[in-house]
Every structure is written in C-alpha cells, then in structure tokens.
Amino acid sequence: MIVSVASGKGGTGKTTVAISMAIAAAPVTLIDADVEEPNANILLRAPKRNVTGFSVPFPIVDPLRCDYCEKCAEFCAYNAMIVLKGLKVFAAPEICKSCGGCILVCPKDAISEKPRKMGLINYYSRLNVNLIEGEINVGEAVAKPLINELFRRLPEGNNIIVDCPPGSAHSVVESTRSADFVVLVTEPTPFGLHDLIEALKVTDSLKKPVGIIINRSDIGDNKIEILSEEKNIPILMKIPYSSEIARKYSQGIPPAEFSDYWREEFIKLWHNIMEIVE
Amino acid sequence: MKQIVITSGKGGTGKTTVVSALARIVKSKILVDADVDAANLEIVTNPKLLGSEPYSEGLKAFIDTDKCIKCDICRQKCRFNAIIINDQGNYEVTDYSCEGCKVCELVCPVEAVSLNEFSSGLIKHSHTPFGNLWHGELFAGRDNSGKMVTHLRQKGKDEALDKKADWILIDGAPGIGCQVIASITGVDAAIAVAEPTLSAIHDMRRIIELTSNFKVPVGIVINKVDINPSLVLEIKDWARSMKLPILAEIPIDKRIVKFMIQRMSPIEIGDEFLTGLYESIWNNFLEIL
Ligand code: SF4
Ligand code: SF4
C-alpha cells in the first residue's frame with residue numbers, strides 16, 4: 001500500500017504526520033519527495049546508510065562538428081541552447097529539461113549527452129523506518145526528474161509512505177500519482193482552507209481516495225469541517241495545538257516518538273486507512 | 001523603485017502574515033503574490049478584482065488518432081513518459097506529464113502530432129486599500145515553472161514605474177526551485193522569515209545560500225520565538241556569523257490567527273507592542289538597504 005501525505009499549504013505539519021505515521025506503521029519505507037526542502041530526516045534523526053548522486057542527461061556540443069546552423073536552438077522549446085556564432089554552442093544547465101530534442105535535430109551529429117549531477121538520493125534508517133530522501137542542489141530549478149527517480153526506486157511489497165512537496169502544482173501530481181490513498185494535512189485557517197481546496201482539485205483529478213487531518217485544530221474556525229461534510233471526505237484525525245508538540249517538533253522529535261497517546265492514535269490512523277483502501 | 005521579496009524556504013513560518021502587515025506599514029507600493037501555487041495574499045488584503053486574463057505557459061502535445069499509425073516511436077522518444085496507450089488502444093498524451101518539448105512532433109513519421117497552447121492559469125490584477133496587487137492562480141496540477149512568477153513581477157514592475165511607486169513587495173513561494181528562483185532574480189533585497197525549529201532553520205540556510213548566489217542582501221525575521229528560545233539563539237549566532245541582520249523577533253500571539261480569519265493583518269489588532277514589532281522589521285530593513 002502506498003499512502004501519500006500532502007498539503008496544499010506549506011508548514012501545516014505534513015512531515016510531522018508522515019513521520020509519525022511511519023513510526024506507527026513500521027516496518028515501512030518512507031519517501032521524502034519534498035526534494036527542494038527535504039525535512040523528514042530532521043524528524044527521524046536517523047544515521048545515513050548510503051548516498052548516491054542523481055544526474056540527468058545533459059547535451060554537450062562537439063565544437064569540431066558543429067557548424068553553427070542553430071537548428072538545436074531553434075528547436076529547443078525552453079530556449080536552453082545558446083549559440084554564439086563562430087565561438088561556442090552550449091546548453092544552459094538550469095534551463096535544459098533533458099528532452100533530447102537538440103540531439104535529434106542536429107544535422108552534423110555534433111551533440112551527445114553526458115550525465116549532469118543535480119542532486120542526491122540519501123538513505124537512512126531508524127525505528128524500522130527506511131527513509132529514501134531526494135535532495136536537489138541549491139540553484140537547481142527543476143525538481144521533477146528527481147521525484148520521478150524516487151518512485152522508480154520503490155521497494156516491492158513494502159508499505160510505503162510519501163512525504164510530498166507542499167502546494168498543488170505538478171510536483172504533487174508526480175508524488176501522489178501512484179498512491180492508493182492520500183492524506184491531506186491542513187490547518188483551520190483561511191490559508192489552510194484555500195490551499196486544501198486547491199490540493200483537492202489535484203486528488204479529484206487523479207481520482208484518489210482522500211482523508212483530511214486537521215493540525216492545530218483548535219486555533220481557527222470550523223470551515224474545514226463544513227467542507228469535509230459537503231464533499232463527504234473523512235476527517236481522519238485532529239491534532240490540537242500544543243506547545244509541547246511544537247517544542248518537540250522544533251527539536252526534531254515527532255509526537256509518535258515522545259507520546260504513547262499519539263503513537264496509539266497514529267497506529268489507529270494507519271489501520272483506519274488500510275481499512276478504507278481495502 | 002525597489003523590489004523586495006519576502007521568503008522563507010519552509011512554508012508556514014508566517015511569510016504571508018509578515019507581507020500583510022508590511023502592506024499596511026509601507027507607503028507607495030505595488031504588491032505581487034509570487035506564491036502562485038498557494039496564492040494567499042488575497043485573503044488578507046481585501047482585493048477588488050480589476051481584471052484577469054488567461055495565462056498560458058507553453059505548449060502541450062496532442063495526437064490525432066485518425067492519423068496515428070501506432071508506430072510507437074513517439075512513446076519511446078518522449079523522455080517524460082507523457083505518451084500512453086489508453087484503454088481504447090490509442091496513443092494519447094497525458095497533459096500533466098507533457099513538457100511541450102516537441103520531440104514527439106519531430107519524430108512522428110505521419111505528422112499525427114501537433115502542439116497547442118495550453119492554459120495553465122489566470123493572471124489577476126486587483127485594487128486593495130494598500131496598493132494594487134498582481135496575483136496569479138495556477139490551475140491545480142499545472143507546472144510551476146516560474147514563468148508565471150516572472151510574468152506577474154513584470155506586470156507589477158510596469159505598474160510601479162507607471163505610478164512612480166517606491167516599492168514592490170513580493171510574497172515569495174516556499175522551496176528553492178524555479179518558482180523561488182524566479183521570485184528572487186533581480187530583486188534589491190530579501191526578508192527571510194524563519195521560525196526556531198530545526199526544519200525551518202535547515203530550509204532557511206538553503207534559501208540564503210540561494211540568495212547569496214544572487215548577491216541579494218537579506219534580513220531575517222524570527223517568528224514564533226516562544227516555540228524554542230534556545231533555537232532562537234542558534235539562529236542569531238548563525239546570522240551573526242553570516243553577517244545577516246535580525247530585523248525583528250515576533251512572539252506567538254493567538255490573536256494573529258483570529259484576525260486572519262476575519263481577513264485582517266496583525267496590525268488591525270491595534271496592539272502597540274505588536275504593531276511596533278512589525279514596524280521595526282521595516283525600519284531595520286531600510287537601514288540595511
Ligand atoms: S535537451 Fe531539450 S531542453 Fe535540453 S537543450 Fe536540448 S532541446 Fe533544449
Ligand atoms: S511534447 Fe515532449 S513531453 Fe510532450 S508528449 Fe511530446 S515528447 Fe512527450
């Protein structure tokens with residue numbers, strides 16, 4: 001079973017929920033797909049077991065063959081190919097999407113590809129949670145290839161929890177696409193509500209079963225509950241604001257680790273989701 | 001005219017709340033919400049829509065099934081796995097995955113593929129009591145490539161020049177990817193809103209690495225200081241070592257959310273101390289500029 005934990009708005013407690021659920025559901029594989037700001041291991045505090053570089057294919061132009069015909073630059077849909085006539089032809093690394101088109105159009109066969117490193121895949125493990133974390137290098141613009149790579153590495157047969165990137169853009173589609181169930185974490189504020197509605201559009205279009213967790217459930221209003229009733233989406237859990245949870249979180253300790261009560265609650269949550277999926 | 005981005009790395013540290021307060025403090029400005037993926041500034045600035053226009057960000061491929069001979073070449077060449085064989089056995093482009101690279105059009109032997117403009121959102125222009133606001137609405141699931149952010153910022157800049165506004169305040173997006181790069185490129189300075197949690201500190205460091213790549217001066221606001229006072233000290237030590245000024249330290253205040261629910265900023269609470277803190281963000285920031 002694959003359960004993705006997402007949230008339209010950042011900072012609602014998505015990672016706290018993902019880690020707590022992972023601890024409760026262990027043994028489990030946790031994927032940190034928030035590759036721009038991977039934070040799961042701040043809360044798992046696990047030693048690094050392994051690390052591999054992640055590269056994308058990147059076009060390299062052979063100056064001896066290139067005759068500056070500019071066909072590659074004309075073709076590139078992202079204007080990534082830069083032609084300095086008579087001097088140099090090269091692709092801009094942060095803009096190129098590795099589509100391979102310039103190679104196909106070059107009449108002189110002057111373009112080949114080399115791997116270009118754009119991030120890391122880190123492996124951690126503790127408390128029977130195996131964490132696979134993607135991390136793009138600072139300055140890299142496009143996170144999607146790394147997210148896709150994480151999903152190619154899913155172990156067979158294991159239960160999998162995915163900590164998604166925040167928002168409701170394409171990267172969330174990538175990280176919820178293969179899920180059997182999506183947990184949306186939100187907070188009872190106008191910001192939380194607005195962004196939850198956006199996230200639901202993604203899960204609706206992917207036809208995924210969803211449930212809502214309301215974090216800091218007592219700080220705001222009841223509009224999330226009204227929405228969940230209207231749309232017939234179960235509220236799986238409410239986590240009231242607690243300065244203890246906030247303080248422990250700040251030190252990297254999730255509720256399921258320091259509190260027996262919350263560990264029990266997250267175990268119930270996991271069983272509840274398993275039942276819904278079956 | 002100067003462009004200022006308010007950013008954070010991690011979401012939920014209170015970035016938009018800071019912008020909403022600055023919107024009430026700073027005179028003569030244009031507002032830009034660059035967090036098109038979760039455009040929340042409109043919630044706390046009472047906008048009246050002046051106009052909106054569809055926004056298209058590039059192309060998506062379309063396969064004409066009448067012409068397609070099912071040779072499979074496009075599917076093999078598409079690096080984004082965007083071409084699938086659907087339940088009817090026909091070749092189809094999944095528009096979520098298509099990057100509009102045109103490779104399929106190039107390789108198709110029977111010209112069955114065409115590329116069309118694809119609407120990916122709306123650009124909105126609104127009047128607010130605090131200056132005009134440019135905000136976008138990225139349709140859910142669309143690619144947040146940063147182009148929409150660049151577009152909004154250009155619109156904001158045109159208007160600011162036209163109206164001779166002194167400032168453009170940009171509410172940035174979380175993360176460090178294209179949408180963030182697009183909101184940082186070419187700004188005069190940045191305000192990073194952090195909170196004393198290990199996650200937020202980690203993310204702030206990454207965003208400041210990015211701003212220093214762009215040689216953008218940054219000031220730091222530490223929000224929700226009561227969560228963990230010892231981590232506040234850690235942020236301060238780190239900031240000192242990086243020669244980054246701390247602009248303000250803001251406590252948790254339950255009224256902030258209560259007022260946000262009524263679509264108001266912390267300034268409307270009318271608490272002198274709190275208002276003073278937000279004012280000091282701006283006053284200290286003017287000094288670093
Ligand atoms: S690989 Fe594609 S995106 Fe990169 S430079 Fe070539 S045509 Fe442009
Ligand atoms: S345009 Fe590019 S990404 Fe889109 S379907 Fe064709 S080959 Fe794939």
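In what follows, every chain begins at residue 1, and chains take the letters A, B, ... in the order their sequences are listed.
- For chain A, the nearby part of B:Lys258 is the side chain; its heavy atoms alone come within less than 4.5 Å.
- Among all heavy-atom pairs drawn from A:Gly220 and B:Val257, the shortest one is CA-CG1, 4.3 Å.
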Got a list of side-chain donor-acceptor pairs under 3.5 Å for residues 73-82 of chain B, not counting sequence neighbours?
from, atom 1, to, atom 2, distance (Å)
B:Arg75, NE, B:Asp72, OD1, 2.7
B:Arg75, NH2, B:Asp72, OD2, 3.3
B:Gln76, NE2, B:Asp72, OD2, 2.9
B:Arg79, NH1, A:Ser98, O, 2.9
B:Arg79, NH1, A:Glu113, OE2, 2.9
B:Arg79, NH2, A:Glu113, OE1, 2.9
B:Arg79, NH2, A:Glu113, OE2, 3.3

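- Both the backbone and the side chain of A:Phe75 come within less than 4.5 Å of a heavy atom in chain B.
- Residues of residues 172-181 of chain B placed with any heavy atom under 4.5 Å of a heavy atom in chain A are listed by number as B:Pro174, B:Gly175, B:Ile176, B:Gly177, B:Cys178, B:Gln179, B:Ile181.
- The contact between A:Asn137 and chain B is made entirely by backbone atoms, counting heavy-atom distances below 4.5 Å.
- Residue pairs meeting the side chain to side chain donor-acceptor pair (under 3.5 Å) criterion with at least one partner in residues 190-201 of chain A, sequence neighbours excluded, are A:His194-B:Asn40, A:Asp195-B:Asn40, A:Glu198-A:Lys201.
- Neither the backbone nor the side chain of B:Ile201 comes within contact range of chain A, judged by heavy atoms closer than 4.5 Å.
- In terms of heavy-atom pairs under 4.5 Å with chain A, the best-connected choice from B:Val103, B:Asp226, B:Asp35, B:Asp203 is B:Asp203.
- No part of B:Val36 comes within reach of chain A, as not one of its non-hydrogen atoms sits under 4.5 angstrom from that chain.
- In this structure, the portion of B:Asn213 lying under 4.5 Å from any heavy atom of chain A is its side chain and not its backbone.
- Here the closest non-hydrogen pair linking A:Val35 and B:Arg206 is O-NH2, 3.6 Å.
- Chain A forms the most heavy-atom pairs under 4.5 Å with one residue out of B:Glu99, B:Lys15, B:Arg263, B:Glu209, and that residue is B:Glu99.
- Between chain B and the residues A:Gly192, A:Gly10, A:Pro190, A:Ala77, the largest count of heavy-atom pairs under 4.5 Å involves A:Pro190.
- Other residues, nucleotides and ligands contribute at most 12 non-hydrogen atoms within 6.0 Å of the NZ atom of A:Lys117.
- Taking A:Phe54 as the reference, nothing meets the ring-ring contact (aromatic ring centres under 6.0 Å, His included) condition, with sequence neighbours excluded.
- Here A:Ile136 is the residue among A:Thr189, A:Thr15, A:Thr12, A:Ile136 with the most heavy-atom pairs under 4.5 Å with chain B.
- Summarising the geometry, atom CD belonging to B:Glu195 is positioned 6.5 Å from atom OH belonging to A:Tyr249; distances are rounded to the nearest 0.5 Å.
- Contacts between A:Val173 and chain B at a heavy-atom distance below 4.5 Å involve the side chain alone, from C-beta outward.
- Using a 4.5 Å cut-off between heavy atoms, A:Lys144 contacts chain B through its side chain alone, with no backbone atom that close.
- Annotation: side chain of B:Lys254 is not in contact with side chain of A:Ile219 (no heavy-atom distance under 4.5 Å).
- In this model, no donor atom of one side chain and acceptor atom of the other lie less than 3.5 Å apart for A:Arg247 and B:Thr197.
- Residue B:Ser8 does not touch chain A at all, counting heavy-atom pairs closer than 4.5 Å.
- Interface remark: B:Ser199 contributes backbone and side-chain atoms alike to the contact with chain A (heavy atom separation under 4.5 Å).
- If you tally non-hydrogen atom pairs under 4.5 Å between each of A:Lys97, A:Glu140, A:Lys9, A:Glu174 and chain B, the highest count goes to A:Lys97.
- Electrostatic pairing of A:Glu37 and B:Lys10 does not count as a salt bridge here, judged by no charged N lying under 4.0 Å from a carboxylate O.
- If you measure heavy-atom distances from A:Pro188 to chain B, the contacts under 4.5 Å come from the backbone alone.
- Counting non-hydrogen atoms of other residues, nucleotides and ligands closer than 6.0 Å to NZ of A:Lys71 gives a total of 12 or fewer.
- Proximity of A:Phe191 to B:Val44: side-chain heavy atoms (C-beta onward) are separated by under 4.5 Å at one or more points.
- Here the closest non-hydrogen pair linking B:Ile227 and A:Ser250 is CG2-CB, 3.6 Å.
- The candidate from A:Asn148, A:Val138, A:Val202, A:Val105 with the greatest count of non-hydrogen atom pairs under 4.5 Å with chain B is A:Val138.
- Interface summary for chain B: among A:Val172, A:Leu104, A:Leu200, the most heavy-atom pairs under 4.5 angstrom belong to A:Leu104.
- With a 4.5 angstrom heavy-atom cutoff, B:Leu106 touches chain A only via side-chain atoms.
- Heavy-atom pairs under 4.5 Å with chain B were tallied for A:Ser205, A:Ala199, A:Gly13; the largest tally goes to A:Ser205.
- In this structure, chain A has a heavy atom under 4.5 Å from the side chain of B:Glu42, while its backbone stays farther away.
- At a 4.5 Å heavy-atom cutoff, A:Ala143 makes no contact with chain B through either its backbone or its side chain.
- Heavy-atom pairs under 4.5 Å with chain A peak, among B:Ala39, B:Ala182, B:Ser230, B:Gly58, at B:Ala39.
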